[in-house]
Visitor: 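Once you've had a glance at the structure underneath, I'll fire off some questions.
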Amino acid sequence: KPVRVAVINDIYRLKLYRDPEKIDWAIPYIIAGDCANNVGSDYSALVVLNPYTYEVVATVRTNMYSTMLFAQLIADLMTQYFYNSILVLERNLNGQTIIDRVVEINNNLLPRIYAPQDKNGKITAYGINTNEKVRDMVYNQVLKIAVDDSFDRIYDKVIISEINSL
C-alpha cells in the first residue's frame with residue numbers, strides 16, 4: 001500500500017511508497033515509463049526507482065488522459081519532485097511525442113532523458129526502442145529478475161502482477 005497518494009495537476013495519482021520526509025530527493029532516481037494510447041484499454045505507467053537499491057519509490061498509472069498532459073506530469077516530476085532524475089521512456093509513437101513535449105516544456109531536461117549512442121558516441125534517438133530483442137531482454141530477464149530479487153522493495157501489486165504476466 002502506498003504511504004501517501006499525491007494528486008498532481010489535478011489529474012494524476014502519484015503513489016508514494018516511502019514517507020516523503022524520508023525520501024532523499026537528491027538521488028538520481030530513474031523514472032521508467034511505458035506509454036500507451038490512453039483510450040481506456042491500455043495504460044501509461046511510470047515507475048520511480050532508486051538506482052542504488054532498486055526500490056520502487058513511486059508509481060503513476062493512467063489510461064484516460066492525453067499525451068500532452070502526461071508529458072506535463074513527467075516534466076513536473078523531473079523538476080518539482082525528483083529533480084535529479086533520469087527519464088527512461090519507451091520510444092514508441094506516443095513515447096516520442098511525449099519526449100518531444102517534455103523537452104518543449106523544459107529544454108533543460110533533455111540531458112536527463114536516456115539516449116542510446118552509436119559507436120562514435122553520437123546520440124541516435126531519445127528513449128528506449130522496444131523492439132522484440134529489447135522487449136525480451138527487459139521483460140523476460142531484467143524485470144522478472146528484479147521482481148524475484150527485490151520483491152520486498154516493489155510495493156505496487158499491480159506492477160508486480162503485470163511484470164509476472166509478461
Visitor: For the residue pair W25 and F82, categorise the inter-ring angle as parallel (less than 30°), tilted (30 to 60°) or perpendicular (more than 60°).
Guide: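 Rings of W25 and F82: tilted, 30 to 60°.
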Visitor: Could you check if a side-chain atom of N63 sits within less than 4.5 angstrom of a side-chain atom of Y43, using non-hydrogen atoms only?
Guide: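 Of all side-chain heavy-atom pairs linking Y43 with N63, at least one is under 4.5 Å.
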Visitor: Would a single hydrophobic cluster contain both I105 and Y12, if residues Ile, Leu, Val, Met, Phe, Trp and Tyr are joined by side-chain heavy-atom contacts under 4.5 Å?
Guide: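 No, it is not one cluster - the side chains of Y12 and I105 are not joined through contacts under 4.5 Å.
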Visitor: Count I, L, V, M, F, W, Y as connected when their side-chain heavy atoms are under 4.5 Å apart, and connections chain through other members. Are I8 and V3 then in the same cluster?
Guide: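 I8 does not cluster with V3.
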Visitor: For N106, enumerate each residue passing the side-chain hydrogen bond (donor to acceptor under 3.5 Å, both in side chains) test, keeping only those at least two apart in sequence or located in another chain.
Guide: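 For N106, no residue satisfies side-chain hydrogen bond (donor to acceptor under 3.5 Å, both in side chains) once neighbours in sequence are set aside.
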Visitor: Any heavy-atom pair between the side chains of E55 and R18 that's under 4.5 Å?
Guide: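 Yes, side chains in contact.
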Visitor: Can you name the closest pair of heavy atoms from M78 and S85 and give their distance?
Guide: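 It is CG-OG, 3.5 Å.
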Visitor: Please test L109 against I74 for side-chain contact (heavy atoms from CB on, under 4.5 Å), starting from the C-alpha separation and ending with a verdict.
Guide: CA-CA 10 Å; L109 295 176; I74 291 170; over 6 Å; no
Visitor: Give a yes or no on whether L89 and V103 share a hydrophobic cluster (residues Ile, Leu, Val, Met, Phe, Trp, Tyr; joining criterion: side-chain heavy atoms under 4.5 Å apart).
Guide: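 Yes; tracing contacts between hydrophobic side chains, which count when under 4.5 Å, links both residues.
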Visitor: Main chain of N94, side chain of T67: is a donor-acceptor contact present, judged purely on distance under 3.5 Å?
Guide: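 Judged by distance alone, no pair lies under 3.5 Å.
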Visitor: Counting N and O atoms only, with roles assigned by atom type, does the side chain of D34 sit under 3.5 Å from a partner on the main chain of A45, one being a donor and the other an acceptor?
Guide: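 No, because the side chain of D34 does not come within donor-acceptor range (under 3.5 Å) of the backbone of A45.
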Visitor: Quick check: do I31 and I86 have side-chain heavy atoms less than 4.5 Å from each other?
Guide: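 The answer is no; the side chains never approach within 4.5 Å.
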Visitor: Of all residues at least two apart in sequence or in a different chain, which pass the side chain to side chain contact (heavy atoms under 4.5 Å, CB included) check with V5?
Guide: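 With sequence neighbours excluded, V5 shows a side chain to side chain contact (heavy atoms under 4.5 Å, CB included) to P2, R13, K15, given in chain and number order.
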Visitor: Supply the atom-to-atom distance Q96 CD to E90 CD, rounded to the nearest 0.5 angstrom.
Guide: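 It is 11.5 Å, given to the nearest 0.5 Å.
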Visitor: If I compare all heavy atoms of A58 with all of L14, which pair ends up nearest, and what's the gap?
Guide: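 Heavy atoms of A58 and L14 come nearest at CB-CD1, 3.7 Å.
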Visitor: For a quick test of reading the model, state the closest non-hydrogen atom pair linking A125 to P116 and the distance between them.
Guide: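 In this case the closest contact between A125 and P116 is O-CD, 3.2 Å.
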Visitor: What distance do L73 atom CG and L46 atom CG have between them, rounded to the nearest 0.5 Å?
Guide: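 Those atoms lie 6.0 Å apart.
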Visitor: If Ile, Leu, Val, Met, Phe, Trp and Tyr residues are connected whenever their side-chain heavy atoms lie under 4.5 Å apart, and connections chain through other members, are Y52 and V48 in the same group?
Guide: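 In one cluster: yes.
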Visitor: Can you run down the salt bridge (Lys or Arg N to Asp or Glu O under 4.0 Å) pairs that involve residues 74-86, sequence neighbours left out, and say none if there aren't any?
Guide: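 Pairs touching residues 74-86 that pass the test: none.
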Visitor: Taking all atoms of both residues into account, what is the closest heavy-atom pair of I98 and C35, and its distance?
Guide: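 Here I98 and C35 meet closest at CD1-SG, 3.7 Å.
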Visitor: Distance check, rounded to the nearest 0.5 Å: I128 atom CD1 versus N92 atom CG?
Guide: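 Rounded to the nearest 0.5 Å, the CD1-CG separation comes to 12.0 Å.
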Visitor: Can you tell me how far apart CG (L49) and OG1 (T59) are? Round to the nearest 0.5 Å.
Guide: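 Separation between the atoms: 10.5 Å.
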Visitor: With sequence neighbours excluded, tell me which residues meet side chain to side chain contact (heavy atoms under 4.5 Å, CB included) with D24.
Guide: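 Per chain and number, D24 pairs via side chain to side chain contact (heavy atoms under 4.5 Å, CB included) with A26, I27, Y29.
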Visitor: So, do S44 and R61 sit near enough that their side-chain heavy atoms are less than 4.5 Å apart?
Guide: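 Contact flag for S44/R61 side chains = no.
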Visitor: Find out if a path of hydrophobic residues (ILVMFWY) with successive side-chain heavy-atom gaps under 4.5 Å connects Y83 to Y81.
Guide: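 Yes; Y81 is reachable from Y83 via cluster members.
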Visitor: With sequence neighbours left out, write down each residue that passes side chain to side chain contact (heavy atoms under 4.5 Å, CB included) with I123, or none if nothing qualifies.
Guide: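 For I123, the residues satisfying side chain to side chain contact (heavy atoms under 4.5 Å, CB included) (neighbours in sequence not counted) are A115, Q117, Y126.
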Visitor: On a heavy-atom basis, which atom in A75 and which in T79 lie closest, and how many Å separate them?
Guide: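 So the minimum-distance heavy-atom pair works out to O-OG1, 2.8 Å.
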Visitor: Using the salt bridge (Lys or Arg N to Asp or Glu O under 4.0 Å) rule, collect all pairs that involve residues 104-127, keeping only residues at least two apart or in two chains.
Guide: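 The answer is R101-E104.
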Visitor: Which residues pass the side chain to side chain contact (heavy atoms under 4.5 Å, CB included) test with D10, sequence neighbours left out?
Guide: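 Scan of D10 (side chain to side chain contact (heavy atoms under 4.5 Å, CB included), adjacent residues dropped) gives none.
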Visitor: Considering all heavy atoms of both residues, which atom of I30 and which atom of P51 are nearest to each other, and what is their separation?
Guide: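 In terms of heavy atoms, the two residues are closest at CD1-CB, 4.0 Å.
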Visitor: Can you name the residues that form a side-chain hydrogen bond (donor to acceptor under 3.5 Å, both in side chains) with N50, not counting sequence neighbours?
Guide: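 side-chain hydrogen bond (donor to acceptor under 3.5 Å, both in side chains) check on N50 returns nothing, list empty.
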Visitor: Atom CD in Q72, atom CG in L77: separation rounded to 0.5 Å?
Guide: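 CG of L77 is found 10.0 Å from CD of Q72.
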